[in-house]
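Just below is one structure, and these are the notes that go with it.
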Amino acid sequence: MSMAESLKTIVGEVNASDSELDRNVYSTDASRKKGRCEAVAWPSDLEQVHKLVMLARRSNTPLMPRGAGTGNGNSIPEGDIAVDVSKLNKIFSVSGSIADVEAGVVLDNLNKAVFPMAFPVQVEAKKAATIGGMIAANVLGIKAMQYGRMADWLEEVTIIDGNGMCLNLKGDALRHVAGLEGATGIIVRAKLKLAKREDQISTTLMKFNTFTALQEKLDELKADADVINIEFLDEVSSSLIGFGEKNHLIVDYAGGKGALRGGEAMDVWQAREQLPFTLGQRRYIATDDLFVPAGQMPKFLYLLRKENIPCYGPIGMGIVYPVFKEDYNPEKLRSSYSQFGIKLGARFGYGKRKILDEETAKRVLQLKAHYDPKNVLSRGKLI
Amino acid sequence: MTRCVECGLCRNQCPVYLAVMKETASPRAKGMLLNQGKEDKIFYFCTLCGAHELSCPYKADLQILKAREKLVKSGVVLSRAKQMVNNIKNHGHPFRAAGE
């Protein structure tokens, strides 16, 4: 029996394929890097996911779980069967401050279902991004300093691990799945914490002529207990979204310290949310997600300006996203990262880039040995 | 022409994708094939509603009709479409002659 036929016995005739077209489409994601997909399965319940894992174990064919494929290289198979969880899209319940959803639920659909509450981790790709994918990459949302990462908003996550076991992970064990990019288990369901919508927040848009002045203000803001978000926009980014050709900080305050409230403040953040796409329209289509050590930030931003590379991001957390035009070779800039002590993977996860530090790689190996000793899930990712 | 950058934000706007929930049916897959210079029967799998443009940050024109034109010229036509063309030729109506 061929692999596609075996898959069809699990998910049904129309929910498995090894056609050239399907393999081609599932061999890549939003990064447009190309891998190799053996076959595709579209499971529609937890039991089917379990059977897929058992098949992978028997045949030693790895599975690559996939959400919306809006990530930066997180869903690229290398001889794997792509397991598209889009059909696991039920919202079981929204009760008080908890939403119980399947992994394939799209963030935008969740937002609508939980109103008047809100799920606080919002990404620019919210119209497509799935909850499972967001957990797997442990993404940072737009107001990252205030709301942190996806892992901070998880109550419980259900996975099918590499042993075929269905596990409900809670508490500290959530760290065994969030940010592990499917290497420990296929995420099938999650209980998410919700937040009240913001009503006591004010915002100020600050502009700066020099990076030194910006850094000084940044240090001052970080020491201010009322400051809950600090977002950076360089001259090019600011200009593109109508803020004028200066470096800017968008600063959110808990309470009324900021100059803008309500609709005015929302307009500022909506302009920021559109920024990646506005840049994209000008052919800035690739980005890196970087942790920059505090003391290095002004020098690094100066280098970006010299290279004409636009940049934005939650600078309050030491994170920025330089954006590259399609005809620019990013390796030129990347070669300078080590001299600044910069680390990659701040926002979108790691994919198959082997950039984990020794300690984290050791931790991943330990988790892998426990949850997926046969290495049938997301093989080659992270480590 | 604005090219598709394959970001995938169009998926949830597309009625065809929402009906089948497979990436292959999404506007992004069509954009990807166009970028690869490939035509495929999947281009017939589209209502031509243009909904993907609502969420496309780049307003990419997928030029589905042009892709279909190329497919027809190379002889790749769906059997149902062939039947409709024959019905028009023989009976003047795509859904067979009245009374049939």
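Quick note: numbers below take in every heavy atom, side chains included, and nothing from hydrogens, waters or symmetry partners. Order of the sequence lines fixes the chain letters, A, B, ..., with proteins taken first and strands second; residue numbering starts at 1 for each chain.
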How long is the straight-line distance from [atom2] of [Y] back to [atom1] of [X], given to the nearest 0.5 Å?
X: Cys4(B); Y: Arg32(A); atom1: SG; atom2: CZ; value: 7.0 Å
X: Asn109(A); Y: Asn12(B); atom1: CG; atom2: CG; value: 5.5 Å
X: Arg28(B); Y: Asp29(A); atom1: CZ; atom2: CG; value: 7.0 Å
X: Asn35(B); Y: Thr28(A); atom1: CG; atom2: OG1; value: 10.5 Å
X: Lys34(A); Y: Gln36(B); atom1: NZ; atom2: CD; value: 4.5 Å

Residue part contacting chain B, namely of Glu326(A), when any heavy atom lies under 4.5 Å: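 Just the side chain, heavy atoms under 4.5 Å.
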
Residue Asp22(A) versus chain B: region with a heavy atom under 4.5 Å: both

Heavy-atom proximity to chain A below 4.5 Å, by part of Lys22(B): both

Region of Leu54(B) that comes under 4.5 Å of a non-hydrogen atom in chain A: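 Leu54(B) touches chain A through backbone heavy atoms alone.
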
Heavy-atom pairs under 4.5 Å with chain B - which of [options] has more of them than the others?
options: Ala68(A), Ser31(A), Ser17(A), Ser19(A); answer: Ala68(A)
options: Ala125(A), Gly280(A), Ala128(A), Pro276(A); answer: Gly280(A)
options: Ala82(A), Gly104(A), Ala129(A), Ala30(A); answer: Ala30(A)

Pair Ser86(A)-Arg11(B), side-chain hydrogen bond (donor to acceptor under 3.5 Å, both in side chains): steps then yes or no: CA-CA 11 Å; Ser86(A) 299; Arg11(B) 282 165 41 118; 3.1 Å; yes

Partner set under side-chain hydrogen bond (donor to acceptor under 3.5 Å, both in side chains) for Tyr44(B), not counting sequence neighbours: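 For Tyr44(B), no residue satisfies side-chain hydrogen bond (donor to acceptor under 3.5 Å, both in side chains) once neighbours in sequence are set aside.
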
